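Residue numbers start from 1 in every chain, and the chains themselves are labelled A, B, ... in the order their sequence lines are given, proteins ahead of strands. These numbers were taken from a predicted model, which means no experiment stands behind them.
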Amino acid sequence: MLRLEKRPSPSRFWQMATPVLAVVLTMIAGGLMFALLGKNPVEAIRTIFYDPLFNPQFAAYSRPQLLVKAGPLILIAIGLSLGFRAGIWNIGAEGQYIMGAICGAAVGLAFYPSESVLIFPAMVLAGALGGWAWAMIPAILKTRFRTNEILVSLLLVYVAEAILASMALGRLRNPEGGGFPGSRNLSKWEASANPELIAGTGMHWGVVAAFIAVIAAYILLQRHILGFQIKLAGQAPRAARFAGVAPTKLVVLCMGLSGGLAGLAGLFEVTGPAGQISIDFGSGYGFTAIIVAFLGRLNPIGILLAGLLMALTYIGGELAQFMLGLPSAAIQAFQGMLLFFLLAVDLLSNYRIRLAKRGVA
Amino acid sequence: MDLGGINPAVLIASLMVASVPIMLAALGELVVEKAGVLNLGVEGMMIMGAICGFVTAVETGSPFLGFIGGALGAMALSLIFAFLTQVLQANQVATGLALTLFGLGLSSLIGQGYVGIKPPATAIVPFGPLADIPVVGRILFSHDPVVYLSIALVAGVWAVLKFSRTGLVIRAVGESHDAAHALGYKVTRIRILAILFGGAMAGLGGAYVSLVRVPQWTDGITAGAGWIALAIVVFASWKPWRILIGAYLFGGITVLQLNLQAAGARIPVEYLSMSPYLITILVLVIMSSGKGRASLNAPVALGQNFHASR
């Protein structure tokens with residue numbers, strides 16, 4: 001009979017090793033799922049994880065996409081990880097992402113067709129503020145009325161989606177679009193465009209922002225008192241209170257930061273890769289970022305790597321859809337599976353598994 | 001009362017139908033939370049129930065088997081949650097989220113060949129002449145069996161939790177798992193069973209969405225019903241009868257906004273369709289603030305993992 005013995009402190013080795021183990025296990029289980037769908041599992045896994053980077057036929061197109069997809073995932077996940085560390089669960093990043101895009105786009109479109117260089121910075125600011133404000137709703141409700149932030153932030157995603165639809169069909173609709181839903185194309189209007197900065201890399205301002213966020217979060221957590229307070233509040237809430245950490249301040253701060261970053265991600269997406277506010281603008285980055293945050297072990301460097309890996313599954317998934325006819329939903333299930341395995345193998349870092357005689361406990 | 005051409009009797013009858021999915025899911029989650037487990041994967045389990053129920057009903061031609069299939073499908077998913085949180089000691093919040101993300105993906109994968117098909121119709125319970133009574137007949141005697149089953153289940157869960165030994169054990173485990181363990185109750189086993197019950201109920205609710213309420217299959221068909229069900233458990237202060245009230249309240253809002261949409265109200269459709277979510281948030285705020293706040297009634301060990309170490 002196996003017995004679990006709690007470790008006095010989490011094992012450092014397993015904390016590093018579990019994400020890798022989880023990815024391997026997910027590949028095996030995912031391969032089984034692909035086999036059940038009637039696809040060659042080895043080929044499917046190779047198409048998802050290898051071909052986008054190294055296949056000479058696709059790599060030229062796929063490699064730049066890696067940063068395009070990883071940018072928003074990393075940006076959102078960095079924000080979420082701060083809250084998750086402090087035990088503050090903002091799971092409505094998808095809504096904050098949408099609201100950031102809407103607010104940023106609205107500010108930009110208000111000045112159409114001006115060519116001022118100030119428009120893009122103003123839009124970035126508005127995007128961050130939009131996401132921040134949307135995240136402030138659950139934050140204030142939590143601090144003022146003790147309302148559960150998980151439910152409120154999640155329910156607000158549905159509200160944001162409804163607002164998005166109404167904006168794409170109404171206020172922000174392109175007046176020259178022949179009545180079709182969707183705003184003007186922001187990526188084709190020079191003042192608001194968020195173009196590829198270095199040709200062939202996929203690097204746009206959102207990716208730059210993501211890298212800055214990684215570095216800033218790393219410094220915050222390692223070197224700043226605030227980072228210490230965040231970690232303390234998550235690991236020992238009682239001790240944190242005795243040490244003078246104000247829970248209210250922390251909730252407002254973590255929610256606000258994650259909302260602002262999600263809003264930024266939405267703004268960079270709408271001015272770049274997506275190009276316009278449309279009904280289907282919300283692409284699930286806000287939810288996938290939750291997986292990225294956990295896969296990266298809530299650590300900035302880990303999130304950077306996890307974001308790149310998750311971006312790879314998106315691109316590889318599209319490629320597998322195109323090459324092997326693998327349904328896109330299979331990739332979504334695959335990503336969900338990854339989180340399962342990650343949570344399962346986390347056991348190894350917190351517990352020792354010992355053999356024990358039956359009946360002794 | 002005139003609601004712009006909306007017949008009140010029809011409105012009440014259809015709100016009873018609209019509230020069934022959230023009522024069932026919330027009732028299941030109530031039992032899970034009473035046992036001290038927070039399963040945030042209700043949305044994922046509901047949508048698995050919706051697709052499994054739909055596929056079973058279409059393939060067998062029997063809505064009854066469809067509901068069974070829906071309950072079993074969601075139960076299978078909840079088993080993953082039970083294994084991860086109860087055996088492998090995983091974080092309940094994160095595992096619940098994983099369950100929802102995975103359920104949404106898997107359901108859309110299973111449902112690929114089933115878009116645009118009509119499921120076999122679920123028959124209405126024949127009450128004979130009773131159904132012809134004006135107003136009352138339309139409200140009380142014109143429903144399918146699941147509507148009556150959901151109300152019976154509320155009564156059943158209430159009675160079991162309040163009067164039976166089983167209910168006492170479940171509550172003990174949820175209030176203090178250490179004390180329950182010391183008394184010799186199998187905390188982990190009881191919690192796993194509660195989670196499976198919650199899964200089956202969410203699956204029934206989900207199957208009701210795809211077989212009766214809509215009735216067809218589209219991706220993301222439950223549209224947040226699972227999250228509203230979670231909110232209703234808080235609204236109900238973990239009391240079964242209040243689940244009924246909460247579910248009817250939200251069923252009423254849903255039906256009313258749909259009717260207003262159909263009646264061509266001045267308010268744009270998008271603002272009407274966000275109203276159930278906004279009102280859920282509003283109700284959550286009211287219930288969780290003030291002196292008589294609902295959280296005082298929450299099971300004490302809610303969300304805490306139990307590990308029987310010496």
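- What you find for Ser288(B) and Arg146(A) is that their closest heavy atoms are CB-O, 3.6 Å.
- Of the two parts of Leu37(A), only the side chain, counted from C-beta on, holds a non-hydrogen atom closer than 4.5 Å to a non-hydrogen atom of chain B.
- The most heavy-atom pairs under 4.5 Å with chain B, out of Phe340(A), Phe84(A), Phe334(A), Trp89(A), come from Phe340(A).
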Identify all side-chain donor-acceptor contacts of residues 74-88 of chain B below 3.5 Å with residues at least two apart in sequence or on another chain.
from, atom 1, to, atom 2, distance (Å)
Ser78(B), OG, Met75(B), O, 2.8
Thr85(B), OG1, Phe81(B), O, 2.9

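- For a residue to count as touching a neighbouring chain, one of its non-hydrogen atoms must lie under 4.5 Å from one of that chain's; by this rule Leu169(A) touches chain B with the side chain only.
- Chain B forms more heavy-atom pairs under 4.5 Å with one residue of Ile150(A), Ile290(A), Val345(A) than with any other, namely Ile150(A).
- Summarising the geometry, atom CG belonging to Leu284(B) is positioned 7.0 Å from atom CG belonging to Leu155(A); distances are rounded to the nearest 0.5 Å.
- Across Gln112(B) and Pro327(A), no two heavy atoms sit closer than the pair NE2-CB, 3.0 Å.
- The candidate from Phe294(A), Tyr351(A), Phe287(A) with the greatest count of non-hydrogen atom pairs under 4.5 Å with chain B is Tyr351(A).
- For Arg144(A), the CZ atom counts as loosely surrounded, since its 6.0 Å shell holds 12 or fewer non-hydrogen atoms of other residues, nucleotides or ligands.
- Between Leu97(B) atom CG and Leu339(A) atom CG the span is 7.5 Å, to the nearest 0.5 Å.
- Separation of atoms CD1 (Ile137(A)) and CD1 (Ile281(B)) is listed at 7.5 Å; rounding is to 0.5 Å.
- Using cut-offs of 30° and 60° for the angle between ring planes, the Tyr277(B) and Tyr158(A) rings count as parallel.
- Ranked by heavy-atom pairs under 4.5 Å with chain B, the list Ser328(A), Gly336(A), Ala333(A) is led by Ala333(A).
- Counting heavy-atom pairs closer than 4.5 Å to chain B, the top-ranked of the candidates Ala344(A), Ala165(A), Pro138(A), Ala160(A) is Ala344(A).
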Determine whether Val285(B) and Val152(A) satisfy the following criterion, side chain to side chain contact (heavy atoms under 4.5 Å, CB included), listing intermediate values before the conclusion. CA-CA 9 Å; Val285(B) 169; Val152(A) 175; 5.6 Å; no
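- Between the CD atom in Gln332(A) and the CG atom in Leu109(B) there is a gap of 9.5 Å [rounded to 0.5 Å].
- Note that CG of Leu151(A) and OG1 of Thr280(B) are 9.5 Å apart. Values are rounded to the nearest 0.5 Å.
- Asn148(A) CG to Leu40(B) CG: the interatomic distance, rounded to the nearest 0.5 Å, is 8.0 Å.
- With a 4.5 angstrom heavy-atom cutoff, Leu343(A) touches chain B via backbone and side-chain atoms both.
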List the steps and the verdict of side chain to side chain contact (heavy atoms under 4.5 Å, CB included) for Ile291(A) and Leu101(B). CA-CA 9 Å; Ile291(A) 307 181; Leu101(B) 294 174; 3.7 Å; yes
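- Counting heavy-atom pairs under 4.5 Å between each of Ala94(B), Pro276(B), Gly103(B) and chain A puts Ala94(B) at the top.
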